[in-house]
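Please read these numbers as outputs of a predicted model, since none were measured by experiment. For ligands, and for the atoms within them, numbers begin at 1 and follow the listed sequence. Because only heavy atoms are used, hydrogens play no part in the values below, and waters and symmetry mates are left out as well, while side chains stay in.
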Amino acid sequence: MIKLATIVGARPQFIKAAAVSRAIQLHIDGGGEPAVTEILIHTGQHYDHNMSGSFFDELEISKPAYNLGISQATHAEMTGRMLEEIETVLVDEAPQAVIVYGDTNTTLAGALAAAKLPMTLAHVEAGLRSFDDAMPEETNRIVADRLSDLLFAPHAAAAEHLRGEGTANERIHVVGDVMYDAALHYAELAAERSRILDDFDLRPGTYGLVTVHRADNVTDTDRMRGICTGIKRSAETVPMIWPLHPRTRAALEGQGVIAELGAHVRLVDPVGYLDMITLERSAAIILTDSGGVQKEAAFYRVPCVVLRDQTEWVELIESGAAVLGGADADTIAMAVPEMMQREMPVASFYGDGHAAEAIFSAIVAFVGEK
Ligand code: UDP
């Protein structure tokens, strides 16, 4: 029996892990050899129902075996507490491999705990780089990559970054993007189940969708104001709906800018994944600083303005699927109508929708050889 431990903590990780858990479950349900079991460890980094619990209900994956309840602390404190508690769980459970996702403190703590024990470590979404060392995510992903035995790159460019940093070729697997797997699979479920357009009284193609949550946008008052002004001005062309991340809600309230957004910007609570992809697919334009949302825009061929000065997903910019709007009101307000006119390319750089199966097979093969 092969036991795998999956470590998650933040919203995008539930979605990425759901794609891999589905591949594992299909293997288990099909009576595949070798026998495999997966345990899910949730650090608790995201804890609101609409940032965490709802995903486990909707994505049809098993509930976490452990919830460590660690959130709302400084980077060091959060990572330190996670490291200690993850180590305890990993020692008790003794999995043959540990899987971490993306670039959060959960990724960093999980990677460190596994590497120190030591246990086989797999990093999904390896090799992405913003080349901005000030981003906490950049530190997390570089460390996770450095420590991993199996590095699952979403595309060739990510693999190139890893080779450039001296990672041995045999550790790198270009498998495609698990977010793309999820976007394809769950879009079908969303079409059956989501009622969000009716609930919000929205007609396809008549609204823009906004998400903002990156620390540098949310905590820097000038950037937040620039973004809000850009959104407000764009909303005069196309009304906006904005599911607010809790951190962003707190910042907007603290900075007193909510009242300035005007009548055409509708603020709502974060929505579940099936509702989110329904909102994305029917949007006329998406404005976001989210890594996941900018790719989903491209998957569904919706034009996107990225509310950052750079992106790890450079192929989106190079292909014309997205444009960088930064945090400057004029740039954002000009980019929105321009992008809405643009013919969207087919985003063909994220694999074939079977990244999760490739990841699962590579982990099983690696563990089997040890
Ligand atoms: N998402 C969601 N509900 C929301 C906002 C986002 O389900 O209200 C989903 C979105 O579709 C994407 C993921 O959350 O799959 C992205 O997560 P986030 O923006 O928090 O993180 P990032 O991708 O930037 O790491």
Report all protein residues having a heavy-atom distance below 4.0 Å to some atom of ligand 1; order the list by chain, then number. Arg11, Pro12, Ile15, Phe55, Met179, His213, Arg214, Pro243, Pro270, Val271, Gly272, Tyr273, Met276, Glu280, Ser290, Gly291, Gly292, Val293, Glu296

Would you call the rings of Phe55 and Tyr273 parallel, tilted or perpendicular if under 30° counts as parallel and over 60° as perpendicular? tilted

Partners of Arg308 by side-chain hydrogen bond (donor to acceptor under 3.5 Å, both in side chains), sequence neighbours excluded? Gln310, Glu312

Parallel, tilted or perpendicular, judged at 30° and 60°: which one describes the rings of His245 and His46? perpendicular

Scan side-chain atoms only and decide if Thr211 and Ser290 contain a donor-acceptor pair under the 3.5 Å cut-off. no

Should we count CE of Met119 as having more than 12 external heavy atoms under 6.0 Å? yes

Donor-acceptor pair between Glu137 and Ser130 side chains, under 3.5 angstrom: no

